[in-house]
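What follows is a single structure, written as structure tokens, with notes after it.
First listed ligand is number 1; within each ligand, the first listed atom is number 1.
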Amino acid sequence: MITKQKGTYDIYGDLAKKRMYVNDVLNALCEKFNYGYIETPVFEASELFHRGVGETTDMVQKETYDFVDRGERNITLRPEGTAGVVRWFIENKLYGNLTDAVKVYYNMKMYRYERPQSGRNREFTQWGFEVFGPDTVESDAEVVSLAYNAYRLLGLDDVKIQLNSLGDTESRMKYREALINYFEPYINDLCEDCQERFKKNPLRILDCKVDAGSDIIKNAPKTIDYLNEESKKRFERLQELLDLMDIPYEVNTNLVRGLDYYNHMVFEVTLRDSYALGGGGRYNGLIETLDGPSTPGVGFAMGYDRTILAMEEEGVNIPINNKIDLYLLAVSESERETAQYLAQDLRLNGFIVETDLMNKGLKGQFKSVDRFNSKFLIVLNDEDLQKNEVVLKDNATKEETRVNINNIVEFLDTHM
Ligand code: AMP
């Protein structure tokens, strides 16, 4: 038997319905914020993700699905959304003539070779969005607001936003230097990966899952102390705007995020201090890194799997419809045709209608009425049909109403 691959799963039944619900809520919200939908290809040139995400990141070093295709191209399965969207932005030369921000959102499968665990898979879906053009604190605030409202609308009122600023390039360089000086004496006490990070990108040590919580990390220099005046002002202004919008947050000076390209605002959304449900930030250097003209960018991504797990853990009532409106039963062979065309007509009028597709007898069809949890049923029989009539029965109250076949829609409209 061929089974599914480790870290992948099938989406069906109630889970499929829950995801469709989350999808609908998020899409509607993005439209309100005037973001346009985008999908980029699942596979791209490896260079895009390797360069875009950063060669020194765990993601590129350990997690990307890389392969050579039959045309000998180096290909990578999309591990995150931003790099592909930036490639789209550059390839379509959207940077020219930017009078308004370019705002897009996506909902895409991602692929990372990680150790699977609850809420962590090798194939997973991220909902996310990006804003190109503005380098304003207002655009930072809008991004945090869209992310926060997404969780709120999904019923996760207790999420926390952890907020930090890495500052501009000058501040970041100063901070990097301070970290190198600080970590140097402790280098042998850090995990193997962090010893490597120390050489390539010391900021990433703060992001380490192994050393997290150790005193060395806790006492490390804080970004906030290395922000230059301008960066500090900008960070304070962001906090003022968030206060004004009633968006709760906590400043977490250890937050640096795993990717190379962030500057100024970085943020993560967590539930009860642990669970990272999503993260984002500003990446003004990324477009240049990918050979585009220097253009500011800011964005966010949430994982579906963890968000739905969190909704279940928090007891959020996710509306799932497991009911149908009407089941059309055929007394004998001769009514099956009517069942078919009547079902088609009623479905096109917006009702959820089911008929027997398995050639079951009447008794079997009645069992299906209950299994499908149908609100109404009609037992189609030639005698009624000859008079152009049907009897609509409410399956709960057993109340019966005789109506003209042309008035079924009207009846259902008033009784659903
Ligand atoms: P990242 O792109 O790593 O910043 O992740 C953003 C969000 O995507 C995380 O907060 C998670 O909710 C989700 N995520 C990241 N990796 C995985 C994974 N392997 N499986 C499921 N969700 C993930």
- Message: Lys62 vs Glu114, test: salt bridge (Lys or Arg N to Asp or Glu O under 4.0 Å). Steps then yes/no.
- Response: CA-CA 8 Å; Lys62 298 179 190 166; Glu114 295 193 79; over 6 Å; no
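- In Glu80, neither the side chain nor the backbone holds a heavy atom less than 4.0 Å from any atom of ligand 1.
- Residue-ligand proximity, Ala301 to ligand 1, at heavy-atom distances under 4.0 Å covers atoms 6 (C), 7 (C).
- Residue-ligand proximity, Asn121 to ligand 1, at heavy-atom distances under 4.0 Å covers atoms 18 (C), 19 (N), 20 (N), 21 (C).
- Near Arg120, with a cut-off below 4.0 Å to any heavy atom, the atoms of ligand 1 are 18 (C), 19 (N), 20 (N), 21 (C).
- The residues Arg19 and Asp14 are annotated as not salt-bridged, no charged nitrogen and carboxylate oxygen being separated by less than 4.0 angstrom.
- Between Arg237 and Glu240 there is a salt bridge, since at least one side-chain N of the basic residue sits less than 4.0 Å from a carboxylate O of the acidic one.
- Applying the 4.0 Å criterion to heavy atoms of Gly278 picks out, from ligand 1, the atoms 10 (O).
- Proximity to Arg306 (heavy-atom distance under 4.0 Å) selects the following atoms of ligand 1: 11 (C), 12 (O), 17 (C), 23 (C).
- A ring pair (Phe, Tyr, Trp, His ring centres under 6.0 Å) check over residues 163-198, counting only residues at least two apart or in different chains, returns the pairs Tyr175-Tyr226, Tyr182-Tyr186.
- No side-chain heavy atom of Val269 sits under 4.5 Å from any side-chain heavy atom of Lys160.
- Within the structure, the side-chain hydrogen bond (donor to acceptor under 3.5 Å, both in side chains) test picks out the following pairs touching residues 287-301 (sequence neighbours left out): Arg51-Asp291.
- Every atom of ligand 1 is numbered from 1 in the order shown, and the set under 4.0 Å from a heavy atom of Glu114 is 16 (N), 17 (C), 18 (C), 19 (N).
- With a heavy-atom cut-off of 4.0 Å, Gln126 touches ligand 1 through its side chain alone.
- For CD of Glu312, the number of neighbouring non-hydrogen atoms (other residues, nucleotides, ligands) closer than 6.0 Å is greater than 12.
- When heavy-atom distances to ligand 1 are checked against a 4.0 Å cut-off, Thr307 has no atom that comes that close, whether in backbone or side chain.
- For ligand 1, the polar-atom distance check against Leu277 finds a nitrogen or oxygen pair separated by under 3.5 Å.
- The shortest heavy-atom distance from Arg112 to ligand 1 is under 4.0 Å.
- Partner of Thr223 under the side chain to side chain donor-acceptor pair (under 3.5 Å) criterion, chosen from Asn254, Thr253, Asn164: Asn164.
- On a distance-only criterion, Gly303 and ligand 1 share at least one N/O pair closer than 3.5 Å.
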